[in-house]
Amino acid sequence: MSTVRSYLRSAKSIVIGLASIATFLILWEAVTRVVNSPFLPGPYSVFLAFIQISTVGDIDGYSLGWHSAVSLYRVLLGFLAGAVTGIPLGLFMGIKLTVKDVATPIIEPIRFIPPIAWIPLSIVLLSGLTRFTFLIWVGVFFPVLLNTIAGVRRTSITLVNVARTFGADNNAVLRHIIFPSALPEIMTGLRVGLGIGWMCIVAAEMIGGDPVGLGRLILKYANFLQIDVVIVGMVTIGLIGLAMNYAILLLEKRMFRWRVEVTT
Amino acid sequence: MSTVRSYLRSAKSIVIGLASIATFLILWEAVTRVVNSPFLPGPYSVFLAFIQISTVGDIDGYSLGWHSAVSLYRVLLGFLAGAVTGIPLGLFMGIKLTVKDVATPIIEPIRFIPPIAWIPLSIVLLSGLTRFTFLIWVGVFFPVLLNTIAGVRRTSITLVNVARTFGADNNAVLRHIIFPSALPEIMTGLRVGLGIGWMCIVAAEMIGGDPVGLGRLILKYANFLQIDVVIVGMVTIGLIGLAMNYAILLLEKRMFRWRVEVTT
Amino acid sequence: MAAMFTVEHLKKSFETENGTIDVIDDLSLSLEEGRFLCIVGPSGCGKTTLLRILCGLDPPTSGTILINGSPPDPRKQKFGVIFQEESLLPWRNVFNNVKFGQEINKIGASDEIAKKYINLVGLEGFENYFPHQISGGMKKRVAIARALAVDPDIIMMDEPFADLDAQTRWILQKELLSIWSQLKKTAIFITHNVEEAVFLGQYVAVLSKRPAKLKTLINIDLPYPRSRLAAPFISYREKIIDLLREEIPSIS
Amino acid sequence: MAAMFTVEHLKKSFETENGTIDVIDDLSLSLEEGRFLCIVGPSGCGKTTLLRILCGLDPPTSGTILINGSPPDPRKQKFGVIFQEESLLPWRNVFNNVKFGQEINKIGASDEIAKKYINLVGLEGFENYFPHQISGGMKKRVAIARALAVDPDIIMMDEPFADLDAQTRWILQKELLSIWSQLKKTAIFITHNVEEAVFLGQYVAVLSKRPAKLKTLINIDLPYPRSRLAAPFISYREKIIDLLREEIPSIS
Amino acid sequence: YITGYFTPTPTTIRIGYLTGDLHQLPLHVAIANKYFDQYGLTVERYEFINGPTLMTHFVAGELDFAYVGAPPAITGRANAMSVGNVSYLPVVVSSVNLEGSALVVNPNVITSVADLNGKKIGTPGSGTIQDIMLSIYMKDHNLTLTKYPGSIANLPLQFGTGEIDGFIGWETAPSIAVINFSASVLLTSHDMMPNHQCCVFVVSSKFLAEHPDIVTKVVNVHNSAQDFINAHPTEAKQVAANYTGLSMPVIDMAFSRIVYTKTVNVDSIRTFVSNMIELNVIKTLNASQVDSFVSGFVDTNYAITQ
Ligand SMILES: Nc1ncnc2c1ncn2[C@@H]1O[C@H](COP(=O)(O)OP(=O)(O)OP(=O)(O)O)[C@@H](O)[C@H]1O
Ligand SMILES: Nc1ncnc2c1ncn2[C@@H]1O[C@H](COP(=O)(O)OP(=O)(O)OP(=O)(O)O)[C@@H](O)[C@H]1O
Ligand SMILES: [Mg+2]
Ligand SMILES: [Mg+2]
């Protein structure tokens, strides 16, 4: 695509994006006025709370930046753990029926268990940062795993055969054919997993400790029934997630230049 | 594959499955003995608690079957809502760049927000069963959406062209080419979404009301520090999830007979 | 109902990361209703690109294409297109692949017609096979059956017989001619086989190497059925081969 | 280092939901080192299936295949295989597709050799193009370059030239013969083009219709380079065409 | 009763309470002893996982009565008033209990109040009574310790793994820690803030205005239950054991630290409100509004105050 056209296209999508956000804010304000509940603050009071928490800090004196940094660190660790375990296991479960037979009956039931339910056990069995990592991992691992398996299944048998006739062993087939071919699904798995990882942050941060982290911020102010700050926490999580997602998307764009995509 | 061979294969995988579960139980018992904490019950005491809750019921007199039925109902509603919204929106976001541009800036940040953070707002804005449905939906929708979009992207442009030259309009292309072609990813999205939906059950059941539902059971007994019952809740969720997953897998198997799958 | 093609000053280029590549350059051509045009040209010259533009899949960079006076649009004109690459729906078996065109066309999918064309291409007994269970030539034949089963007004084929053995090829060539002559469709047929072009076409368009221009348009003035061994047939063939030879750089 | 093939009582059948389909039935064949064998047979008879078994991708249902005394195994013998279907890695550009075989082979991917074969098949300038940006014939040529670039001991090709125009085809036929005769590789070449079979092969195996048996093995006793217009050439060609005609049911 | 004429008198009332909270025993005693039936009332029970969630439902009009901690009731009321949404304000009509919390510690590490310096002490969440009480106590005694806010269910576990050196929490968590992890009680909430109000019994302002007669009945039921608990502790403990599933030793110990009383400690409530304003837990009130807020919050027509 010519640079001019792709430039216009991204300009257009930014404009559309801003317009949708504006519409969303207006709708939000309208609903707030209609419902008139102390627990449904409008965008403006959320904005004020945002300023307050970012500059002055919360009641314990932690600023929004610090909350964000701590949670980001925890989520990143869990995300990495999820990727590092989910992708290889997914590849092996995808290609080796034996691995799948062994792993499925253990993994499958586990993947439905809510992260909060893991808290007691994680307190007993783990300590410190590993607990946070574990509870985020619970959210990241399974989407990555299932999508990786799905990606492996998409692999063209012809391409595997090509590699084999050139003398590829299982390893080379995995590296040169199955992995690149499953990569789009793996990336989707990572993006979904990132979302679920962030979703698990409140569960993870329910574990006691320093009252810091965006999940803690949300819990704390939910306790005070100050929903405006709760929403500040939600929006901050949303924005950080958005930024991380965008980074992955940029990476994807570079990686998948070779794909022809369908649009109508 | 011949029926004899596929019969042998599934017999083998059942044996392997049972063996892995046995290994898992033994490991669990071993860890229990090593850690020796009153809050890490072994498989046997969990089994006893299981019998207790299923036959006698919990402290409020609700039996495990009832807890399961209520949660299952809530999860199914949320799951249906997630599928019914996620698949069509995913298809449209996949093929219509404008839809994508409008929806992305609103949807993307939302997908990182923890379900628990939605509780105050869901109480204010929704009522009754729709609250549960919404909180489960939050977990189901995004995996389904992202996987559907990924599936659309996988569609072979040649097949779309075939349909077009036969005079297909966008609708027919969607129905006859893009949807069936994206179906494997959509099914993966549904399976991932089902898992996340179940994961959200504790958050959903934090909403007040009758103390019934597997999430409530877990919360209740976590408060009493009776971890064996917490684990009964976790295992029950795992087993129900497993059964639902298995049903989807059977469906997949029927649907994707046409695929050649890679194994090594 | 057949159709009339007019192509005027057609240009097509693609933007790639390696710059712009011109594929078709100022190609003009017209074809009356019910005629059979074969297109030959060196590999990579732009034949497939031309076909895609003619059936409305790709827009030209400049120039116009009109079919009966309006731009190509498969929702208005009934095309029967056979692609060069594999184009079966992997999730449908042979029978349902053949029915696919009819379903889209809303002409009421008819099992009998599907069956008829499956038999025509010699695939009886394979109706329930999925694409991955049949051979390369069989896949091509399914695509041919699918295209013919919609009873198209315009037949456009991109090397439909390339994967077939000579014998099967000849049989299908004859079938194609008989369908075309009975129903007077307009046919555009891309091939690498010059003999095939001379056997089938009323006209043979010889394209230059990329960017494709119309090098020569030859009127094959021979009555059907043609004999491949007749002297005028061979002389047409040799003439076209000579024209092509001028275009193909001696690679290596 | 070339190789010697022995195929004995080979049988192959597939289990499908529609029952068992016999594809190869009691086929025996042997081929000395460094020989060039062409295989012809009706579409769907089992040629591709045979090739897949010969290069170790599929196990036979019964019978034995030995290459130099051991079963086919691409990790031990160096194959250069060209598949009938599209087989380029879509995420690699032309250049890296050609290098792919070398990388797998651990013979040290050499940019020069890759470049040499890209030029041989006439694709200089398209090194950075992705498969979806090149034409059908160009894709086939990339696959040919890739197979040759590993300097294989055994060349196995499944209709490699089917998508190419006659001129390009002739050029590549000559190149193939020259590579083969210089390095004395063993070559197995499936084609639908009988002329091509007679032009290239020391032997032409004519297969029966499915289930494939060896109908006749013809020794083409002509020196290279062969002239397509010479009388013995034409008589070999006609003989094979006649043999094939017996096998192909008059479809329709 | 003009309003009673227009609105048919309900016989079914909706009561919210917290999961497994021993403080809220009067409700369970009233149910077990069928006091509601005696007044012709049917109870719909709504269980909540914590006070704030309960209050969110309450202010949305989904409950008529609630057993809830004083601080969530205060924040709930303050927040609702701030947006002019005054239909479903919580109004205190009786006391549930006083005190009932304790600071338990690892006796190997901490034996005196001075030992608390520099230790990690868990609390059941920022802004809970216990958290606030600990802050005040720290300030008054010039202590510096690291507060580890968590959730009540996890505190004994974290204590058990040695991650924290002690915690402050409401019963039965302290007793569980004592019995399962040989913790010792360093301070009870009685030591820290004598007679502080803990849980309160509230009615929604709308229900109060429309059905004062029923409120009277319900308060009578509640008060009878309180009397019963104080008169028959053994039977009351059995009810507690049935509805928490906890062992009798735990219940015994916890019971000894909970003061079940009908009398609302208004001073204590006033202290909470002031502290919460000071700590910014309540942003919608200022110090001068405390008295008027508290007089609206506690309805002395029903509640016995001291
Ligand atoms: N996986 C499979 N399952 C069932 N049948 C199969 C399978 N693979 C091949 N066949 C059948 O085997 C027969 C021979 O196929 P094959 O691809 O070997 O033919 P071919 O000689 O290469 O034909 P062509 O010249 O058209 O490429 C066909 O009838 C096909 O339907
Ligand atoms: N999407 C694209 N982007 C860039 N270049 C393209 C694209 N599609 C086709 N081309 C180029 O256009 C030229 C013509 O391609 P086309 O497929 O039309 O050739 P063809 O005449 O059909 O060849 P063949 O006989 O080998 O099928 C080729 O050089 C190819 O690289
Ligand atoms: Mg082409
Ligand atoms: Mg074949």
Side-chain angles (χ1 to χ4, degrees), chain A residues 13 16-17 20-21 24 35 37 39-40 95-97 101-102 105-106 108-117 120 124 142-143 146-147 150 152-153 155 157 160 170 173 178 184-185 188 191-192 195-196 198-199 201-202 218 222 227 230 233-234 237-239 241-242 245 260-264, chain B residues 13 16-17 20-21 24 35 37 39-40 95 97 101-102 105-106 108-117 120-121 124 142-143 146-147 150 152-153 155 157 160 170 173 178 184-185 188 191-192 195-196 198-199 201-202 218 222 227 230 233-234 237-239 241-242 245 260-264:
Chain A
S13 71
I16 293 183
S20 348
I21 291 175
F24 177 75
V35 175
S37 156
F39 306 124
L40 184 66
I95 54 171
K96 290 269 181 211
L97 288 177
D101 286 344
V102 172
I106 295 176
E108 273 297 327
I110 292 181
R111 87 183 170 82
F112 299 92
I113 297 172
I116 301 178
V124 175
F142 298 103
L146 268 71
N147 273 285
V152 172
R153 299 255 172 115
T155 310
I157 193 91
V160 172
N170 286 346
V173 169
I178 294 178
E185 273 77 19
T188 304
R191 293 206 299 125
V192 172
I196 313 298
W198 272 111
M199 276 193 181
I201 192 72
V202 169
I218 289 173
I227 309 300
V230 171
M234 291 165 75
I237 288 178
L239 292 180
L242 187 69
N245 185 55
V260 208
E261 272 161 23
V262 176
T263 49
T264 63
Chain B
S13 71
I16 294 183
S20 353
I21 291 174
F24 177 75
V35 176
S37 154
F39 302 117
L40 184 64
I95 54 171
L97 288 177
D101 287 343
V102 172
I106 295 176
E108 274 296 329
I110 292 180
R111 89 184 169 83
F112 300 93
I113 297 171
I116 301 179
L121 296 180
V124 174
F142 299 103
L146 267 73
N147 273 285
V152 173
R153 299 255 173 116
T155 311
I157 193 91
V160 172
N170 285 348
V173 169
I178 293 177
E185 272 77 19
T188 303
R191 295 207 298 126
V192 172
I196 313 298
W198 272 109
M199 277 195 179
I201 191 72
V202 169
I218 289 173
I227 309 299
V230 172
M234 291 165 74
I237 288 179
L239 293 179
L242 186 69
N245 184 56
V260 207
E261 272 161 24
V262 177
T263 50
T264 63

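Proteins get letters first, then strands, A, B, ... in listed order; numbering begins at 1 in each. Since we're looking at a predicted model, the values are computed, not measured.
- Counting heavy atoms from C-beta on, the side chains of A:Glu185 and B:Thr188 never come closer than 4.5 Å.
- Interface residue B:Ile113: backbone and side-chain heavy atoms are both found under 4.5 Å from chain A.
- Interface remark: of the candidates A:Trp198, A:Phe112, A:Phe142, A:Phe112 forms the most heavy-atom pairs closer than 4.5 Å to chain B.
- Every residue two or more places apart in sequence or in another chain that forms a side chain to side chain donor-acceptor pair (under 3.5 Å) with B:Asn245 is listed here: A:Glu108, A:Arg111, B:Arg191.
- With a 4.5 Å cut-off on non-hydrogen atoms, A:Ile227 touches chain B through its side chain but not through its backbone.
- Of the listed residues (B:Ala150, B:Ala222, B:Gly238), the greatest number of heavy-atom pairs within a distance under 4.5 Å of chain A belongs to B:Gly238.
- Rounded to the nearest 0.5 angstrom, A:Ile95 CD1 and A:Ile178 CD1 are separated by 5.0 Å.
- With a 4.5 Å cut-off on non-hydrogen atoms, A:Ile116 touches chain B through its side chain but not through its backbone.
- The candidate with the highest count of non-hydrogen atom pairs below 4.5 Å against chain A, out of B:Val192, B:Leu40, B:Asp101, is B:Asp101.
- Residue contact with chain B, scored on non-hydrogen atoms closer than 4.5 Å, involves the backbone and the side chain of A:Leu146 alike.
- For a residue to count as touching a neighbouring chain, one of its non-hydrogen atoms must lie under 4.5 Å from one of that chain's; by this rule B:Val102 touches chain A with backbone and side chain alike.
- Between chain A and the residues B:Pro115, B:Gly233, B:Gly195, B:Pro143, the largest count of heavy-atom pairs under 4.5 Å involves B:Gly195.
- Taking both residues in full, the closest heavy atoms of B:Pro105 and B:Pro109 are given as O-CD, 3.1 Å, listed atom of the first, atom of the second, then distance.
- Shown here are the side chain to side chain contact (heavy atoms under 4.5 Å, CB included) partners of A:Pro184, two or more places apart in sequence or in another chain: A:Phe256, A:Arg259, B:Arg154.
- The candidate with the highest count of non-hydrogen atom pairs below 4.5 Å against chain B, out of A:Ile21, A:Val230, A:Ile196, is A:Ile196.
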